[in-house]
Protein chains: 2
Amino acid sequence: MNIAAVARAAGVGTGTVSRVLNESPSVRPATRARVLDVIEQLGYRPSRLATALSKGTPRTVAIVVPYMTRPSVVERLAGVISVLDREGYDAVVLNVETVAQRDRHLESLTERHRADGVVVVSLPVPQRQLSSFRQSGIPLVLVDAEAPGIPRTVADDVEGGRLATAHLVGLGHRRIGFVGDLGFEGIGNASTRQRFLGYRHALSAVGAEVDESLVRQGEHGAHTASLLAEEMLRARRPPTAIFAISDTQAIGVLGAADRLGIAVPDELAVVGYDDIESAAFLGLTTVRQQLARSGELGAARLCALLRGEEVRPRRQQLPLEVVARSSSARRRSLDGPRTSPSGEPHARAAKARVEVDGWVPPPASGTDAAAGGIAGALLRA
Amino acid sequence: MNIAAVARAAGVGTGTVSRVLNESPSVRPATRARVLDVIEQLGYRPSRLATALSKGTPRTVAIVVPYMTRPSVVERLAGVISVLDREGYDAVVLNVETVAQRDRHLESLTERHRADGVVVVSLPVPQRQLSSFRQSGIPLVLVDAEAPGIPRTVADDVEGGRLATAHLVGLGHRRIGFVGDLGFEGIGNASTRQRFLGYRHALSAVGAEVDESLVRQGEHGAHTASLLAEEMLRARRPPTAIFAISDTQAIGVLGAADRLGIAVPDELAVVGYDDIESAAFLGLTTVRQQLARSGELGAARLCALLRGEEVRPRRQQLPLEVVARSSSARRRSLDGPRTSPSGEPHARAAKARVEVDGWVPPPASGTDAAAGGIAGALLRA
DNA sequence: TTCCGCCATGGAACCGCTTCCACGTGATGT
DNA sequence: ACATCACGTGGAAGCGGTTCCATGGCGGAA
């Protein structure tokens, strides 16, 4: 079933059918009606491939992401996809967990007619591949990754590390631990390193020094982070605060503190990074980088490129912001003894978040099944 | 730059170039070498669209998911994508947050040459669309959704609800709260309803009745769940245990307990659902449904269909399993007074998880940056 | 009435690859 | 020596659209 069959059945030429499909104004209403009728009758659906080949564009954008299940990554990814959807592009997702996979995928994306454009998220692109893209003329946009000359939407990780640490310094902390990850095990970006630099800046700004025993790196994930934190906290001279380079790892730190009976924030302040959904709920102080928005903006810029527009400036930087919550509320005293073994766990103070954060619970949605209601629907059925 | 240009430059016919590209054995080695050489020289990349149109298959599979940022959903999605990648299919992801969006996307997928096949995750497919797929002949596979006659990979949600509740009943609980969501606000599947039925079965099996005041539904998300739990726990006759239909919501329940100074598990047992990554870390008892695996299996079955194989049985059911962790450890007494306002928070017992769960920390990865080590790389640089 | 021009339309050429068919060549069988 | 055959190859047809160009009919202007 192709356009010729429709043309034959409607007693018109293929050109006319095509014009009807593309809503060309130069088709007489009567003809249009007849063609649409036949299309309906036959249940004809145009071939997307043929259209794409003929028009010379697959209307597809490829997105390359590492470890897509991580909360911070999937939020960016969802942002990218939402804009592409709105703009009528199909989003092909390429998940990357090894260097070989990254290279294979990037390689394949310069194939002709594979994708109109490419968004790479949180992944450095090797020089080789960059020139490959430049040569093939396929528009490339980065989100949360740097590469000179390539349009990119980023945040300043050094500044983020500095902000987080300065926040703790401002609360009087000087012994501040650092928990980092391994940068996607070699394939990912250098955000841990960058944030560490910011951490170091903030400390030296007040004349403090980095204590090597307070700097740890391990696999991404709450569990590993909690082990790292536990080691630090069990040492002779434990930190009074810990900065973790992701909320996931910060949650691990909170767990370690809880396990050891260390009160947060009174005995240990904790700051994370990303502001994922559960951070708000857990009362975790964090550095907000607008994850979904970074994806949306990156995608929007790619779409602009695809329309033939310029994107300026090449490097688009999103603001960072410390969101102060209960895990770093002001301490009573800095050097006093740990008062109670587990007195007043920080989550007890979570209510304070509502004020600190300016967050307001969503209004009841008007049905009896809304938050706060007894589940009428379930019980009635 | 097309295959004809290559043919010309190599002094051969287009057919021969095509044969070289497709590794046909019937090309003389010398000819092959010459053609490959020219391809290299010219930097020729074949057009994916032309190949696809000519072969009659786009080598693409579409995946429709609701609310892709939710942990349970993204794990399934990643499972689907990993198998498709291995099998050489491009994965187009369609995220759905409204009914209109769902219908628009499903509609578009029956277009000719849009996708070789479709995987729908955690989303019921309306009858209309089902017949549309049947008619178009595009293979469809469901993951975590039911539809008679369609190949699907599912778990038994009723049984899951029953298992969770029976676990609590087995610990002596009779006043068991239920926290559900709104089923993706109308677009999603009916898992809350199913699990509620299981919950009810388990209660009636021991002669207990559902207490309406202990059944609540609200938006998915930890925050809402914590509000719902708080209401229940503040009531005159609070529950001694709560079953939440997702780990995300269970985390909200844990938060509410913490806020109110209610000890888990001694004063309140909590069971979630899904076994997302953070559940293990938080010591949350949960019903494990193999999320990633469900996606992998669904995708594998779609690939089988695309190879023209039969998939039997149509309905593939994955086992469920209660993973007992510290949030539902055995209580000291069931009806005694609450002993300490916040004595021994459950997370203190999280270490027990390692034994309960059979989980063993991953081995150090051999670098000095592995978990447990001081961050050598950062400090050296 | 005649000429011009516009509008709606049919159909060929084209997008770039695969595949089938036909053909020439050299090896084999008798 | 001649028919046969297999093999390597060139090139046309086809996949299913879009788009351009030529054409015929019609209305308006002279």
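In the text below, chain A, chain B and the rest are named by the order of the sequence lines, each starting its count at 1.
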Checklist line | A/Thr69 versus B/Glu75, side-chain donor and acceptor atoms under 3.5 Å | finding: no

Notebook entry, point to check: Can a donor-acceptor pair be found between the side chains of A/Thr57 and A/Asp116 at a distance below 3.5 Å?
Noted result: yes

Under 4.0 angstrom, heavy atoms only, what part of the nucleic acid is [X] near: base, sugar-phosphate, or nothing?
X	answer
A/Thr14	base
A/Thr51	sugar-phosphate
B/Val17	nothing
B/Arg19	base
B/Gly15	base

Item checked: Candidate list B/Val92, B/Leu77, B/Leu94, B/Asn95, test side chain to side chain contact (heavy atoms under 4.5 Å, CB included), partner B/Ile63, passing option ->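 Only one option passes, and that is B/Leu77.
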
Next item on the list: Identify the residue among A/Leu130, A/Val141, A/Val120 that makes a side chain to side chain contact (heavy atoms under 4.5 Å, CB included) with A/Ile150.
Entry: A/Leu130

Note to self: Before you tell me yes or no, could you show the steps for B/Val143 and B/Val119 under side-chain contact (heavy atoms from CB on, under 4.5 Å), namely the whole-Å CA-CA distance, both residues' side-chain angles and the distance that decides it to 0.1 Å?
What the structure shows: CA-CA 7 Å; B/Val143 171; B/Val119 181; 3.9 Å; yes

Checklist line | Among D/dC15, D/dT9, D/dG16, the one nearest B/Thr31 by side-chain distance | finding: D/dT9

Notebook entry, point to check: In terms of side-chain heavy atoms of B/Ser26, which of D/dG17, D/dG8, D/dC15 is nearest?
Noted result: D/dG8

Next item on the list: At the 4.0 Å heavy-atom cut-off to chain B, mark where contacts on DNA chain C begin and end, going 5' to 3'.
Entry: C/dG16 to C/dC20

Rounded to whole Å, please give me the gap between [atom1] in [X] and [atom2] in [N].
X	N	atom1	atom2	result
B/Arg28	D/dA6	CZ	C1'	14 Å
A/Arg48	D/dT18	CZ	P	12 Å
B/Arg112	D/dC15	CZ	P	9 Å

Check: How do B/Arg32 and B/Ser54 order along DNA chain D: which one's closest nucleotide is nearer the 5' end?
Finding: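 Looking at the nearest nucleotide for each, B/Arg32 comes out on the 5' side.
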
Item checked: Of residues 37-47 of chain B, the positions that come close to DNA chain D - non-hydrogen atoms, cut-off under 4.0 Å -> none

Note to self: Check the phosphate of D/dC15 against A/Asn2, side-chain N and O only, distance under 4.0 Å to OP1 or OP2. Yes or no?
What the structure shows: no

Item checked: Test: A/Arg315 and A/Glu146 ion pair at under 4.0 Å -> yes

Item checked: Ion pair B/Glu107/B/Arg128, N-O distance below 4.0 Å ->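 B/Arg128 and B/Glu107: salt-bridged.
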
Item checked: Whichever of A/Arg34 and B/Lys55 has its nearest DNA chain C nucleotide further upstream toward 5' -> A/Arg34

